[in-house]
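The model shown is predicted, which means the values in this text are computed figures rather than measured ones.
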Amino acid sequence: MTSVPAGFQPHTRKSGFTAPWEPIYHRPHDNGISLGLRAGDAHANSRGFVHGGLLSALCDNAMGLSCLPHLVDAKGLVTVNLSLDFLGSARVGQWLEFRADVTRVGRSLSFASATVLADGAPCARATGVFKVQR
């Protein structure tokens, strides 16, 4: 299955790090953004489970991107802390949504959380702290 859920658009913020995982999609919501992708072989380990490193990286990305619009005169964010709890597993073929929410924005630090959904079922949750670069 290759369908993309309603509201998701191609993600335009590209990087060399995430390029092998394309296509990646995004969808804004009231308190942040969601990134999404259809899990494929490039996302998985040899047993067909989506690799935790991918979950971690895209949670970090979604949380930082969610915080940035709330900051005035910020040039960017640098991750200070990232914590990830695995709640289940995700498999090749599933739609993965990395739903990030801003929890607090300060002058020098911003905080966010994220939930990873595999076909709608939670499989991981994350929190992040980001240093504001001015």
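- A 4.5 Å side-chain heavy-atom check between L87 and C123 finds every atom pair outside the cut-off.
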Applying side chain to side chain contact (heavy atoms under 4.5 Å, CB included), run through L77 and Q133 and close with a yes or a no.
CA-CA 6 Å; L77 296 167; Q133 303 293 294; 5.9 Å; no
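- Here the CZ atom belonging to R104 is positioned 13.0 Å from the OG atom belonging to S113, to the nearest 0.5 angstrom.
- Listed here is the closest heavy atom pair of G106 and L71: O-CD2, 3.7 Å.
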Does the pair N61 and F17 meet the rule for a side chain to side chain contact (heavy atoms under 4.5 Å, CB included), with working shown?
CA-CA 11 Å; N61 196 326; F17 182 66; over 6 Å; no
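- A distance of 10.0 Å separates CG in L55 from OG in S89, rounded to the nearest 0.5 Å.
- At most 12 heavy atoms of other shown residues, nucleotides or ligands fall within 6.0 angstrom of atom CG in D41.
- Looking only at distances, no side-chain donor or acceptor of N81 sits under 3.5 Å from a matching main-chain atom of G128.
- Here the straight-line distance linking atom CE of M63 with atom CG of L82 works out to 5.0 Å at 0.5 Å rounding.
- By the criterion of side-chain heavy atoms lying less than 4.5 angstrom apart, applied directly or through intervening Ile, Leu, Val, Met, Phe, Trp or Tyr residues, W21 is grouped together with L84 in one hydrophobic cluster.
- Atom CZ of R91 sits in a crowded spot, with more than 12 heavy atoms from other residues, nucleotides or ligands closer than 6.0 Å.
- Placement of F111 and V102 in two distinct hydrophobic clusters is found when ILVMFWY residues are connected by side-chain heavy-atom separations under 4.5 Å, directly or transitively.
- Distance check, rounded to the nearest 0.5 Å: OG of S108 to CZ of R134 gives 8.0 Å.
- The main-chain N or O of A100 is found under 3.5 Å from a side-chain atom of H29 such that the two form a donor-acceptor pair.
- Two different hydrophobic clusters hold L96 and Y25 under the rule that ILVMFWY side chains link at heavy-atom gaps under 4.5 Å.
- Under the 4.5 Å side-chain heavy-atom criterion for ILVMFWY residues, no single connected hydrophobic cluster contains both V92 and W95.
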Walk me through whether F130 and V105 qualify under side chain to side chain contact (heavy atoms under 4.5 Å, CB included).
CA-CA 9 Å; F130 303 89; V105 176; over 6 Å; no
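- Distance alone, capped at 3.5 Å, is enough to place a donor-acceptor pair between the R38 side chain and the S3 backbone.
- Side chain of S15 to backbone of T18: a donor-acceptor contact under 3.5 angstrom is found.
- Annotation for V50 and A39: closest pair CG2-CB, 3.6 Å, computed over non-hydrogen atoms.
- No donor-acceptor distance shorter than 3.5 angstrom exists from the side chain of H70 to the backbone of C67, with no hydrogens or angles considered.
- V116 and I24 end up in the same hydrophobic cluster when Ile, Leu, Val, Met, Phe, Trp and Tyr side chains are linked at under 4.5 Å.
- Considering every non-hydrogen atom in both L37 and P23, the closest pair reads CB-O, 3.7 Å.
- If you take NE2 on H11 and CG on L35, they are separated by 5.0 Å, rounding to the nearest 0.5 Å.
- Annotation: the span from I33 atom CD1 to D101 atom CG amounts to 11.0 Å, rounded to 0.5 Å.
- The nearest pair of heavy atoms linking L68 to G76 is CD1-CA, 4.1 Å.
- Here the closest heavy-atom approach between residue Q94 and residue A118 is recorded as OE1-CB, 3.6 Å.
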For N31 and S66: C-alpha separation, side-chain torsions, deciding distance, then whether side chain to side chain contact (heavy atoms under 4.5 Å, CB included) applies.
CA-CA 7 Å; N31 195 34; S66 291; over 6 Å; no
